[in-house]
Amino acid sequence: MSLDAAPSSHFIKEIILEDLKTGKYQGRVHTRFPPEPNGYLHIGHAKSICLNFGLAKEFGGLCNLRFDDTNPTKEEVEYVESIKEDVRWLGFSWDDREFYTSNYFKNLFDFAVQLIIKGKAYVCDLTADEVRAYRGTLTEPGKESPYRRRTVEENLDLFSRMRAGEFPEGSRTLRAKIDMAHPNINMRDPIMYRILKASHHRTGERWCIYPSYDYAHGQSDSLEGITHSICTLEFEDHRPLYDWFLDALGIHHPQQIEFARLNLTYTVMSKRKLLKLVQEGYVSGWDDPRMPTISGLRRRGYTPEALRNFCERIGVAKSNSVVDIALLEHCLREDLNRRAQRVMAVLRPLKVVIDNYPAALVEELPAVNNPEDRSRGTRNVPFSKILYIEKDDFREDPPKKFYRLAPGREVRLRYGYFITCVGVIKDEKTGEIRELHCTYDPETRGGDSPDGRKVKATLHWVSAAQAVEAEIRLFDHLFLKPVPEDVEEGDFTQVLNPNSLVTLTGCKIEPGLAKAEPGMLFQFERQGYFSLDPVVSREGRQAFNRSVPLKDSWAKIEKSKKE
RNA sequence: UGGGGUGUCGUCAAGCGGUAAGACACGGGUCUUUGGAACCCGCAUUCGGAGGUUCGAAUCCUCCCACCCCAGCCA
């Protein structure tokens, strides 16, 4: 059984298969992942990464990593580094094909000169406001710029002076000469170059004119020999323009294919919204474990395998959709179930004294490391007279279907003994349960009863004397609503989940966990999957993040009883 | 009222004229030293709507409806 879902077919593969059959690109498949280094990658990007790198791999082709850095006012090296780390972590390699649109600034400039010579581009002196006014509206055609009829010579001269820095920022642009009455607004003489006196993170002060996305993207694809240029739906309207430049230049012509971006329930996905959460302090940073960023998911304890599997399962299509976050969680559980080391940890400790257990005795009892993989063997956990169990595992007045510990009831301590509750000690004033007194059956060592006696529940526990204390962070959905943007008033911050992070201190964990390190995958039995938080943890004060809880059918019963 | 898209189960999503895959979710059950996992069963007589073509339509045609994207010198 392989963890990765069988690659499913989708419309992009069909297009590629067809192109392969007809020999459209001499049997080549070459894709690219083109992030703009102006923010951190999120799970929506993961979909695109898996698609582009996955397609290349499946068809024996290549996928380039290309930073689309045409806007120096928004881009930074910090983002470049984080993007590379995230793509690598996801399990993909671009070898030496790390490119930057800024590598092509000279090529793009030369292409622009060619277009000017062909009479297909001109320097326009209209201001930004005027350009907008001249563009017309969705339903009305635009007007031609008064500068549209400049001669080739004049355009050439002006364009080279734009490059030389002779004109102030925003004073002129280079525009494609297409059709101001075109029903597609993108075709109404789009801007190819703007003057930006900004320092670029790669080219420094070398340029003061920068190409627009529309002008740069197709030509960059062409220069790299890309065959299939995959992007999201909102660029569908730009495809005629993408094609227009390539045709006008008569160079290698990749085909642009659009697919629907990923949306997930109970979270937001746009860089703008994510940035707002970070900047306004709703989360601790881009890598907050509640964020849908790749760095956040990684810190939370997600695995690349789970993410890749998820991306495979959601499919690739063109309809706007919102994927249930339960599928993401399912993919994580599925992966972690096979891999995670089982361990016992008590999140909300309740003291238990085993009355008939020798006070001085400490036994080392073997516990299975992973029932899904017996080759992982066993470890020993200490058992003694004073233990902690989970508060939730005891009810003085147990409701129907509650199988756990209650007065007079016998349950099993996992890998330990059968115990029976014989006493409850409460705080005189508050009535709060302070500790439980139990007796154990020495014959049930390890958790088996020689007489075949059954018990309805098995509890996890930790021996008090040997327990290590830790902080445990429980995460829930960041938002209360499946679609956070769907609010009557205000914005998505109105429906932030106040309980998306619950920090528990004084948790009692199995002594072996003291050696836990970030990146190690654990299942705290009967609770969920956890891993050490690499940021918050400190020497002597470990903090574990709950990556995802285990399915809990008891919680479901309780919930349905309340409703 | 311009242009470009999309509409198949609660949510994704196959389907490409031969009689509605699969997954998640949900419900029920078996098993269980995790109320986990695993396993079994159930879950769209119907494909946005209405007509039409055809022996046969989710698939073809016509009209209609709904939703998404576009008027950055952002990508």
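Just the heavy atoms: all of them, side chains too, but no hydrogens, waters or symmetry mates, feed the values below. Here is how names work: the chains are called A, B, and so on, in the same order as the sequence lines, proteins then strands, and each is numbered from 1. These numbers were taken from a predicted model, which means no experiment stands behind them.
Across B:G27 and B:C9, the matching C1' atoms stand 15 Å from one another, rounded to whole Å. Nucleotides B:C16 and B:G7 have their P atoms positioned 15 Å apart, rounded to a whole Å. Taking atom C1' in both B:A13 and B:C47, the straight-line distance is 13 Å, to the nearest Å. Straight-line distance between the C1' atoms of B:C31 and B:A37: roughly 11 Å, to the nearest whole Å.
Here the nucleotide nearest the side chain of A:Thr139, chosen from B:C12, B:U34, B:U1, is B:U1. Closest approach to the A:Pro371 side chain among B:G36, B:G35, B:G5 is made by B:G36 (side chain taken as heavy atoms from C-beta onward). The side chain of A:Glu236 approaches B:G4 more closely than any other nucleotide in the set B:G35, B:G15, B:G4. Considering only side-chain atoms of A:Ser553, the nucleotide from B:C12, B:G5, B:G35 that sits closest is B:G35. Here B:U34 is the nucleotide among B:U34, B:A13, B:G35 with the atom lying nearest to any side-chain atom of A:Glu525.
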Quick test: give all pairs of protein nitrogen or oxygen and nucleotides 70-74 of chain B nitrogen or oxygen below 3.5 Å, distance rounded to 0.1 Å.
| from | atom 1 | to | atom 2 | distance (Å) |
| --- | --- | --- | --- | --- |
| B:A71 | O3' | A:Arg135 | NH2 | 3.4 |
| B:A71 | O2' | A:Arg135 | NE | 3.3 |
| B:G72 | OP2 | A:Arg132 | NE | 3.2 |
| B:G72 | OP2 | A:Arg135 | NH2 | 3.2 |
| B:C73 | OP1 | A:Arg135 | NH2 | 3.3 |
| B:C73 | OP2 | A:Arg135 | NH1 | 3.0 |
| B:C73 | N3 | A:Gly170 | O | 3.2 |
| B:C73 | N4 | A:Leu126 | O | 2.8 |
| B:C73 | N4 | A:Ala128 | N | 3.1 |
| B:C73 | N4 | A:Gly170 | O | 3.1 |
| B:C74 | OP2 | A:Arg194 | NE | 3.1 |
| B:C74 | OP2 | A:Arg194 | NH2 | 2.8 |
| B:C74 | O3' | A:Arg194 | NH2 | 3.2 |
| B:C74 | O2' | A:Asn71 | ND2 | 3.1 |

Please write out each protein N/O paired with an N/O of nucleotides 24-26 of chain B under 3.5 Å, distance rounded to 0.1 Å.
| from | atom 1 | to | atom 2 | distance (Å) |
| --- | --- | --- | --- | --- |
| B:C26 | OP1 | A:Lys556 | NZ | 3.3 |

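Shown here are the ring pair (Phe, Tyr, Trp, His ring centres under 6.0 Å) partners of A:Phe67, two or more places apart in sequence or in another chain: A:Tyr100. Qualifying side-chain contact (heavy atoms from CB on, under 4.5 Å) partners for A:Ser375, counting only residues two or more places apart in sequence or in other chains: A:Asp373. Among residues two or more places apart in sequence or in another chain, the ring pair (Phe, Tyr, Trp, His ring centres under 6.0 Å) test is passed with A:Phe310 by none. For A:Ile191, the side-chain contact (heavy atoms from CB on, under 4.5 Å) partners are A:Val131, A:Thr173, A:Arg175, not counting sequence neighbours.
A:Cys124 contributes atom SG, which lies 9.5 Å from atom CG of A:Leu174 (distance to the nearest 0.5 angstrom).
Using a 4.0 Å heavy-atom distance criterion, A:Arg188 is classed as making no nucleic acid contact. Across all strands, A:Tyr210 comes closer than 4.0 Å to no nucleic acid atom at all (heavy-atom distances). Within 4.0 Å (heavy atoms only), A:Val343 reaches no atom of the nucleic acid at all. Using a 4.0 Å heavy-atom cutoff across all strands shown, A:Phe402 reaches at least one base atom of the nucleic acid.
Between the base of B:G36 and the side chain of A:Glu372 there is a donor-acceptor pair shorter than 3.5 Å. For B:U34, the base has a donor-acceptor partner in the side chain of A:Gln523 [N/O atoms by modelled type, under 3.5 angstrom].
With both pairing distances under 3.5 Å, B:G2 is matched to B:C70 as a Watson-Crick or G-U wobble pair. Here B:U30 sits opposite B:A38 as a Watson-Crick or G-U wobble pair (both hydrogen-bonding atom distances under 3.5 Å). Across every strand in view, B:C63 sits in a pair with B:G49 that passes the Watson-Crick or G-U test at under 3.5 angstrom. When Watson-Crick and G-U wobble pairs are counted only if both distances are under 3.5 Å, B:A25 pairs with no nucleotide at all. Pairing for B:A20 is absent, with no Watson-Crick or G-U wobble pair whose two atom distances lie under 3.5 Å. Nucleotide B:U54 forms no Watson-Crick or G-U wobble pair with any nucleotide shown, as no partner meets the under 3.5 Å limit on both distances.
One side chain, A:Glu36 or A:Asn38, offers a donor N or O that lies under 3.5 Å from an acceptor on the other.
Put simply, CD on A:Glu140 is 10 Å from C1' on B:U1, counting in whole angstrom units.
Separation of the A:His200 and A:Phe105 ring centroids falls under the 6.0 Å cut-off. A ring-centre distance under 6.0 Å is found for A:Trp554 and A:Phe402.
Both A:Gly447 and A:Ile314 lie near RNA chain B, and the one whose nearest nucleotide falls closer to the 5' end is A:Ile314. Between A:Arg445 and A:Thr265, the residue anchored closer to the 5' end of RNA chain B is A:Thr265, taking for each the nucleotide with the nearest heavy atom.
One finds a salt bridge joining A:Glu485 and A:Lys273 here, because a Lys/Arg side-chain nitrogen approaches an Asp/Glu carboxylate oxygen to under 4.0 Å.
No donor-acceptor pair under 3.5 Å is formed between the side chain of A:Arg161 and the backbone N or O of A:Glu166.
Environment of NZ in A:Lys401: sparse, with no more than 12 heavy atoms of neighbouring residues, nucleotides or ligands closer than 6.0 Å.
Glycosidic conformation of B:G72: syn, with the torsion inside 90° of 0.
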